[in-house]
Amino acid sequence: MNKALQTLVDRGFVKACTDYDALSDLMNAGPVTFYVGADPTGKSLHIGHMVPFFAMHHLQNAGHNPIALVGGGTAMIGDPSGKTEMRRMLTVEQIKKNCASIKEQLGTVVDFSEHPEGGKGKAVALNNADWLNGLNYITFLREIGKHFSVNRMLTFESYKQRLERGLSFIEFNYQLLQSYDFYILNRDHGCRLQIGGDDQWGNIVSGIELIRKLGGPECYGLTFNLITRSDGHKMGKSEKGAVFLDPELFSPYDFYQYWRNVNDADVVRFLKLFTFLPLEEIAQYEREDVNINEAKDRLAYEQTKIIHGEEEAEKARTAAKAMFNGANLGLVGREGMPSLVIGKQELETGIGVLDLFSRTDLAATNSDARRLVAGGGAWIGDRRVDNPKTLIDSSYLDEYGELILRAGKKRYFRIIVE
RNA sequence: GGAGAGGUUCCCGAGUGGCCAAAGGGGGCAGACUGUAAAUCUGUUGGUUAUACCUUCGAAGGUUCGAAUCCUUCUCUCUCCA
């Protein structure tokens, strides 16, 4: 099998392919242009969205040419695949904004530079709004719609499910539009392969069929496993909500912690999928005598480095070590920690614990803070605060003239006094 | 257009006049145990200037001493019929 294709299989990406042998031959014959779509339904992608793009990275490194397609046009509609509910409609301005920020985020794993080095393929980012928004309904029906059989579409699993819950007509059209995307990318960019999550199988196959019917070359589809966590939680969901790539929405420190806390059973699998470490290197973490926590630290560090850069990864790691390993790294260790600045004056007067905690991320409201304190989970430095009426003043400052607030064992917050 | 079912707190889902800030489960948070893991057990889970008060059961009115519960109108979803 083709080496790059084999890499994806070995790393645990691949779920299914329309034709392994033919695709392998095609990839052996030279660089293949391929694409994956991303829907700009939000301002930021979360890590669950990233699986196909990590795969894209590996294929680009092997010399193939990626097209990252942002669905500025299809986002107007909403994809019913794998969802039981109708997606809410977004405004045109929102979609535009989302497209721009998503393109930027993809740059963390895909090299969009003009002249990529080291034998990499040339990557481009396109927006299907460019060809979808101007479509004429009647023309589209005549030229594209006639190739689709409703009977056949209804046999797809994704539609079957939705038929029970209700499916709007425009969502039903999604498959036609995605197929048309593939057709356009093939016609204008020589794209021969579409990759994507397993839920995209039906849409991908339809695209291949459309291209064939319109006289294009044989194209291929490659789908990836839906990544799940061994505890059954959805990938990319944390107690704080989705694990977004945008540091504004999900801090690099929390991001690091998310990976640092994955289940034992997931570590090696995630190292293969979500880092670029060579498989030989990952293999050493599978050995029984290796401390699993080292593997988790490596996973967290590598993943944070890819998404947020080396500096942030270092900060997050240092902060984590300072907090959990008891290493007294001084102020340096606190840099990656979420923080808040309060006035010196205010502290000297004294601040109620509840007030203080509710102003941080540790408690959402006063009541929330009250529960935390009453439950014995509120700490300042190494002092447990269990009386909600406690007044926090400068006597609580540590040797650096700061307060380190803690909720439970894992959530820290730094109060800087000025 | 006609007939019926329904919209409850983060989610699912009980509740058909006061004992309802609303059972139960899930999820979350905290405590215990641990390895910053999993599993398990316990507590907690609308807000506030907090043994009380305020806001919440699709929306707006009404009946009542008192409404998530009864009535009216509106609205949305689903099912069946044409």
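Atom set for the values below is all heavy atoms of this structure, side chains included, hydrogens, waters and symmetry mates excluded. Letters A, B, ... are given to chains in the order of the sequence lines, protein chains preceding strands, and every chain is numbered from 1.
A/Ser367 comes within contact range of at least one nucleobase, with a heavy-atom separation under 4.0 Å.
Remark: A/Tyr183 engages no residue in a ring-ring contact (aromatic ring centres under 6.0 Å, His included) (not counting sequence neighbours). Under the ring-ring contact (aromatic ring centres under 6.0 Å, His included) criterion, A/Phe276 pairs with A/Phe54, A/His57, A/His58, not counting sequence neighbours.
When both pairing distances are held under 3.5 Å, B/U16 makes no Watson-Crick or G-U pair with any nucleotide shown. Both distances falling under 3.5 Å, in either a Watson-Crick or a G-U wobble arrangement, place B/A3 opposite B/U79. Across the strands present, B/C10 finds its partner in B/G26; the criterion is a Watson-Crick or G-U wobble pair with both atom distances under 3.5 angstrom. Using N1 to N3 plus N6-O4 or O6-N4 for Watson-Crick, or N1-O2 and O6-N3 for G-U wobble, each under 3.5 Å, B/C41 pairs with B/G31. Of all nucleotides present, only B/C71 satisfies the Watson-Crick or G-U wobble test against B/G61, with each distance under 3.5 Å.
At the phosphate of B/U49, OP1 or OP2 sits under 4.0 Å from a side-chain N or O atom of A/Asn366.
Straight-line distance between the P atoms of B/C19 and B/A52: roughly 14 Å, to the nearest whole Å. The gap from the C1' atom of B/G47 to that of B/G35 amounts to 38 Å, rounded to the nearest Å. Between the C1' atoms of B/A5 and B/A39, the separation comes to 42 Å (whole Å). Nucleotides B/G46 and B/U34, compared at atom P, are 32 Å apart to the nearest Å. The C1' atoms of B/C12 and B/A32 are separated by 29 Å, rounded to the nearest whole Å. Rounded to whole Å, the P atom of B/G13 lies 16 Å from the corresponding atom of B/U79. Rounded to whole Å, the P atom of B/G25 lies 15 Å from the corresponding atom of B/A14. The gap from the C1' atom of B/U73 to that of B/G26 amounts to 37 Å, rounded to the nearest Å.
What separates OH of A/Tyr412 from C1' of B/U36 is a distance of 8 Å, to the nearest Å. For A/Arg260 and B/A38, the CZ to P distance is 11 Å, given to the nearest whole Å. For A/Asp361 and B/G28, the CG to C1' distance is 16 Å, given to the nearest whole Å. Taking atom CG on A/Asp355 and atom P on B/G47, their separation rounds to 16 Å, with Å as the unit. In this entry the distance linking NZ of A/Lys321 with P of B/U36 reads 14 Å, nearest Å. In this structure, CG of A/Asp368 is placed 9 Å from C1' of B/U45, rounded to the nearest angstrom. Rounded to whole Å, atom C1' of B/A38 lies 8 Å from atom NZ of A/Lys296. Atom P of nucleotide B/G28 and atom CG of A/Leu362 are separated by 18 Å, given to the nearest angstrom.
Here A/Tyr258 and A/Tyr253 keep their ring centres 6.0 angstrom or further from each other.
If you check the side chains of A/Thr7 and A/Asp10, you find no donor sitting under 3.5 Å from an acceptor.
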Nucleotide N/O of nucleotides 51-56 of chain B paired with protein N/O under 3.5 Å:
none

List every contact pair, protein side and nucleotides 30-34 of chain B side both N or O, where the distance is under 3.5 Å.
residue, atom, partner, partner atom, Å
B/A30, OP1, A/Ala407, O, 3.3
B/A30, OP1, A/Arg411, NH1, 3.1
B/A30, O2', A/Gly375, O, 3.1
B/U34, O4, A/Lys409, NZ, 2.6

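Of the charged side-chain nitrogens involved, at least one lies within less than 4.0 Å of a carboxylate oxygen, so that A/Arg298 and A/Glu281 count as a salt-bridged pair. Under 4.0 Å is where a charged nitrogen must lie from a carboxylate oxygen, and between A/Arg269 and A/Glu286 no such pair does.
For the pair A/Arg383 and A/Tyr396, the distance from NZ or CZ to the six-membered ring centre is under 6.0 Å and the angle to the ring normal is within 45 degrees.
Within the structure, no pair that satisfies the side chain to side chain donor-acceptor pair (under 3.5 Å) test touches residues 366-375 of chain A, not counting sequence neighbours. Among residue pairs with one or both ends in residues 336-346 of chain A, those qualifying as side chain to side chain donor-acceptor pair (under 3.5 Å) are A/Glu346-A/Arg359; sequence neighbours excluded.
The side chain of A/Asp264 lies closest to B/A37, out of B/A37, B/U36, B/U48.
Looking at A/Phe274, A/Phe224, A/Phe53 one by one, the single match for ring-ring contact (aromatic ring centres under 6.0 Å, His included) with A/Phe13 turns out to be A/Phe224.
Of all non-hydrogen atoms in A/Leu279 and A/Arg11, the two that sit nearest each other are CD2-CG, 3.9 Å.
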